[in-house]
Amino acid sequence: MTTPRAIPRLIATDLDGTLLCSGGTVSERTAAALAAAEAAGVQVVFVTGRPPRWMQQVSRHIGGHGVAICSNGGAVVDVRRGELLESTPLDSEAALAVVAALRAKLPGTAFAFEYPAGFAREPGYEVRMWGQDENHPIGPAEELLGAGGPVHGLFKLLAKHPDLDPDKLLSVAREAAGHLAEITRSAPIPLLEISAPGVTKASTLARWCAGRGIDRSEVVAFGDMPNDLEMLAWAGTAYAVANAHPQVLAAVPLHTVSNEQDGVAAVLEQLLGR
């Protein structure tokens, strides 16, 4: 594991599979490293595929700015205040075009929708993990996205297939609808995450940094899955955790130990001379 020579101005880190341990927790070591970075004047920005509604779990570790980039760049949120600061939505017509293209190419795919007011899904979209007990609108995509439907300002369209290999699903989906939207994945199951064209973790992080006079050369980024690739390519220095997807490990020269071994903290400690 090699570290950059200078202390960066900004750390951009993915959460699940990268900063967080299994179960979505922040270890004591990682919490201490984040606090030390903040004390040293290094901004830490969480850049995640999670929707804003799943951010309260990490709010006490978010640093003085209180801001996270969520939904793969589709939303910038002040986590402490629960305020949406910025969003780049996928419009309803484009979302329905993606739905139609994926249904035609990938029969059995079911869809769900992340938007400022919450979450909605088709009946065939099984809910797991956080939010499975929440009340939310359920219906066909055409009703949820159509005029009079509840979904407005769509951060992220989710597409779940019952059994296709996740990497194969991504490849086929990009071929079928990649001209309509940004399509990626971060889960170990066959689940796609779809944003407006050009909206990635990298695009929103670059805008965030530009607004604060931070050059990409002053950014160190961490990630583990295909939805991190653009961010890792954009940052001046990038690390893949040891448990990362093979594509990420191949694309990123610098590696750290796994998320379960506090890989982000290990690099931060070296950067800060701890």
Side-chain angles (χ1 to χ4, degrees), residues 14-16 20 23-24 45-62 66-100 102-103 109-161 177 180-187 189-197 199-201 203-204 208 225 227:
D14 173 55
L15 291 177
D16 298 286
L20 306 183
V45 177
F46 297 156
V47 190
T48 177
R50 288 188 180 203
R53 65 196 178 95
W54 284 0
M55 292 302 297
Q56 286 305 317
Q57 186 181 22
V58 295
S59 62
R60 69 188 181 95
H61 304 288
I62 205 165
V67 172
I69 295 172
C70 298
S71 299
N72 291 328
V76 180
V77 180
D78 185 316
V79 175
R80 293 200 187 93
R81 292 160 55 189
E83 179 182 350
L84 177 65
L85 302 177
E86 175 188 326
S87 68
T88 310
L90 177 64
D91 70 65
S92 295
E93 285 189 11
L96 287 172
V98 172
V99 167
L102 295 186
R103 278 182 181 158
T109 302
F111 298 89
F113 314 90
E114 295 283 359
Y115 57 106
F119 172 79
R121 65 180 176 90
E122 292 192 311
Y125 188 98
E126 182 183 355
V127 177
R128 298 179 181 179
M129 296 175 65
W130 302 283
Q132 62 185 357
D133 297 325
E134 295 176 357
N135 292 320
H136 49 256
I138 301 173
E142 292 77 8
E143 290 183 8
L144 296 171
L145 292 168
V151 178
H152 302 284
L154 182 65
F155 297 144
K156 186 166 69 172
L157 171 64
L158 298 162
K160 186 183 292 185
H161 192 273
L180 298 171
E182 200 73 38
I183 305 176
T184 189
R185 59 169 289 254
S186 66
I189 62 173
L191 174 66
L192 301 173
E193 302 167 47
I194 303 165
S195 305
V199 175
T200 66
K201 290 185 175 187
S203 67
T204 304
W208 165 265
M225 288 296 281
N227 66 327

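All values reported here derive from a predicted model rather than from experimental measurement.
- I69 contributes atom CD1, which lies 9.5 Å from atom NZ of K201 (distance to the nearest 0.5 angstrom).
- Tested against N227, the residues T48, D14, N72 include a single side chain to side chain donor-acceptor pair (under 3.5 Å) partner, N72.
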* side chain to side chain contact (heavy atoms under 4.5 Å, CB included) evaluation trace for L20 with V58 -> CA-CA 9 Å; L20 306 183; V58 295; 4.0 Å; yes
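- Not a single side chain to side chain donor-acceptor pair (under 3.5 Å) links H61 to another residue, sequence neighbours left out.
- Applying the side chain to side chain donor-acceptor pair (under 3.5 Å) criterion to E122, with sequence neighbours excluded, gives R103.
- In terms of heavy atoms, F119 sits closest to P137 at O-CD, 3.2 Å.
- Shown here are the side chain to side chain donor-acceptor pair (under 3.5 Å) partners of E143, two or more places apart in sequence or in another chain: there are none.
- Evaluation of the side chain to side chain contact (heavy atoms under 4.5 Å, CB included) rule for P89 yields S87 as partners, not counting sequence neighbours.
- Residues satisfying the salt bridge (Lys or Arg N to Asp or Glu O under 4.0 Å) criterion with R185, sequence neighbours excluded, are D167.
- Here D78 pairs with R80, R81, E83, L85 under the side chain to side chain contact (heavy atoms under 4.5 Å, CB included) rule; sequence neighbours left out.
- Under the side chain to side chain contact (heavy atoms under 4.5 Å, CB included) criterion, A95 pairs with L90, L145, L154, sequence neighbours left out.
- A search for side chain to side chain donor-acceptor pair (under 3.5 Å) contacts involving K156 returns E193, not counting sequence neighbours.
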